[in-house]
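Within every chain, numbering begins at 1; the chains are lettered A, B, ... in the order of the sequence lines, protein sequences first and strands thereafter. Everything numeric here is computed off the predicted structure, so don't read it as measured data.
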There are 2 protein chains.
Amino acid sequence: MSLGGLLGEEAGAALQQVRTEPIQQRSAARLSGLLDAAAAVVDEVGFDRITTAMIAERAGASIGTVYRYYPDRVAVLHALHERAVVRFRQRVVDELGASTLTSWWDAVDCVVTAFVGLYRSEPGFRIVNFDDRDGAPAADAVADADFFARRLADVLVNEFDLPGGDDLIFRLEVAVEMADALLARAFHTDPVGDERFIAECRLVLRNYLDGFYSPQALNLLADAS
Amino acid sequence: MSLGGLLGEEAGAALQQVRTEPIQQRSAARLSGLLDAAAAVVDEVGFDRITTAMIAERAGASIGTVYRYYPDRVAVLHALHERAVVRFRQRVVDELGASTLTSWWDAVDCVVTAFVGLYRSEPGFRIVNFDDRDGAPAADAVADADFFARRLADVLVNEFDLPGGDDLIFRLEVAVEMADALLARAFHTDPVGDERFIAECRLVLRNYLDGFYSPQALNLLADAS
DNA sequence: CCAGGATGATTGAATTCCACTCGGTGACCA
DNA sequence: TGGTCACCGAGTGGAATTCAATCATCCTGG
C-alpha cells in the first residue's frame, strides 16, 4: 500500500492523527522533531521494535509529550507514513518537472526513481511499507483522488495517449501494488536496493501499462511462438 | 512473501519452532488445537492484535501451555504460517493432479486457484502474509529448494517448454511477489476476494511468465502500435 | 510597559496491559 | 509407586498509556 498513497487520501489526513493541533510556534518543531526521531529509530530497530520511550528520548522529549500529539504508538507510525508519502509525492512532482518526457513511460520511470531515491536517502522511508491490519479508514482512495493522482493521470492521458477512465484507475491501482511489492522486495535486505528487482519493476510496469494484455497483443505473442 | 514459501523452507522447519516435541498422544491435539485457536483469533483481530491470552483462552488452555510448546508469541504465528504454507502446497498438488493441464499457464492457474480457495475457506489463512521484519533466518530459499519448488519448476520446464535455470528462478520470485501483492489486495477488504484483482493476477502472471518482455515480444508490440 | 491570570506545553511517576517464567499439581506410564 | 509428561495460573518485568502537577507563553487591563 505504500505507493497507494498516490491514489488518494486527503492531504490533511495526517493531521487527523494528531491529538491536538499545535497552537504555539515551538510545537511545530516538536511535532516534526518527534517524527524525525521516529524515522531515525525506524532505521535502527525497524518499525515493530520501536518504542515510545525510544522516540521520546531521541527527540529530547518526555514520554508524555509523545502522547500529547499522538493518541498511541501506531498513530506515530501512521503520521510518519503520511509524511513519507507526502514527500514522495513532492519528489515525483519535482522529478516530473525536471525531466523531459519523451514517452509516457518516462513518467512512470520518474515515479520509480523518486521512490528508490527516497528509499535510499530519506531516513525511515521504509515506513511506506507499513500496513496497519486494522480498522484504519482505508479511505475511498478512488473517489477523492488527490491532486497527485490527477497530475499523474493527466500526464499519462493527455501528454501521451493512454486510454483514461476507470480502466486506467484500476490499472494504476494494480501497477501500484505490483511496483510496491517489487520495490519492497528490492530493499528487503539490500539497503541500497537490489538492482535486478528495480530494473524488473520498471520493465513490468512499462509492459503492464502498455496494455500488453490486450487481445491483439496476446495474438501477436501467440503467433510468434 | 506469502507464496514465497513455495520456493523454499525445509518441510520440517515448522517443528523447529516448537519447544518440546510432544511425547504423549493428547499433546498432538493440543498443539493443533492451539494453532486452530490462533487461526480463529487471527481472523477476528488480525495477527498483530493477537495476544497469547486470547490464544490460550480460545484453545481452552492456560497461558503456560502456550509457552510449553512455543518459545514466544511470534513463534506461534510462524507455526501457523508454516501450517498454512504446507496446506497450500498440498492443495496445489491436489489441484495439479485433478486438472488436465493443456498449457503451462493451467499450472499457474492451479496455484492461484489453490491460494484463493484457501483464503476463502481456511481460517486464519491470511497469516500467509505474515512477514517477520526480524532476525528470521530468511533461509537460503534458492539453495535448498524443496520438493514443491522442484515440482512446479518441473511442470513448467519439462511438461511445457519454458526456459529453466536461474532466470526462471528469478522470474518465479518476481511472479510470486506480484501475485502475492495482488491477491492480498483482492482480500484486503473483501472477505471473498475482489474478482477483478484475482482475474488480473492470473493475466499478469500469464503474460509475465510468457516472457512477454523478451526483445522480440517488445518489437512485436512496437510494430503493432 | 507590566502584573498576573488564562491557556498551551511539558514532565515523569503511577497505572495498566501483556509477554513470558516458574514452582506446584495432577495425569499417564512402567 | 516412582518417574516423567502436561498443565496450570499467580508472579515478574518491561513497555504503553494516563494524569495531575509544573513550567512557558500569550494576552489583557490598568
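- Rounding to whole angstrom units, CD of residue B/Glu57 and P of D/dC7 are separated by 18 Å.
- Rounded to whole Å, the distance from CZ on A/Phe47 to P on D/dA15 is 20 Å.
- Contact check, A/Arg30 against C/dT11: a side-chain N or O comes under 4.0 Å of OP1 or OP2.
- Of the listed nucleotides (C/dC20, D/dA6, C/dG8), D/dA6 has the atom at the smallest distance from the side chain of B/Arg68.
- In this structure, of D/dA6, D/dC8, C/dT10, it is C/dT10 that holds the atom nearest to the side chain of A/Ser62.
- Using a 4.5 Å heavy-atom cutoff, the side chains of A/His188 and A/Phe197 are not in contact.
- Checking D/dT17, C/dG8, C/dT11 against the side-chain heavy atoms of A/Asp72 singles out D/dT17 as nearest.
- Of the side-chain N and O atoms in A/Tyr67, one or more sit less than 4.0 angstrom from OP1 or OP2 of D/dT17.
- For the OP1/OP2 pair of D/dC7 and a distance below 4.0 Å, the side-chain nitrogens and oxygens of B/Tyr69 include at least one atom meeting the criterion.
- Both A/Thr51 and A/Gly64 sit near DNA chain D, but only A/Thr51 has its closest nucleotide nearer the 5' end.
- For the residue pair A/Thr51 / A/Arg73, no side-chain donor-acceptor distance below 3.5 Å is found, with atom types taken as modelled.
- Atom pair B/Ile55:CD1 and D/dC7:P shows a separation of 16 Å (rounding to whole Å applied).
- Side-chain contact check for B/Ser62 and B/Arg68: no donor-acceptor pair (N or O, by modelled atom type) lies under 3.5 Å.
- A/Ile63 has its CD1 atom 16 Å from the P atom of D/dC19, to the nearest Å.
- Of the candidate nucleotides D/dA16, C/dC20, D/dC8, C/dC20 has the atom lying nearest to any side-chain atom of B/Arg73.
- Between B/Thr65 and D/dA6 there is no side-chain N or O to OP1 or OP2 distance below 4.0 Å.
- Atom CD of B/Glu57 has 12 or fewer neighbouring heavy atoms from other residues, nucleotides or ligands inside a 6.0 Å radius.
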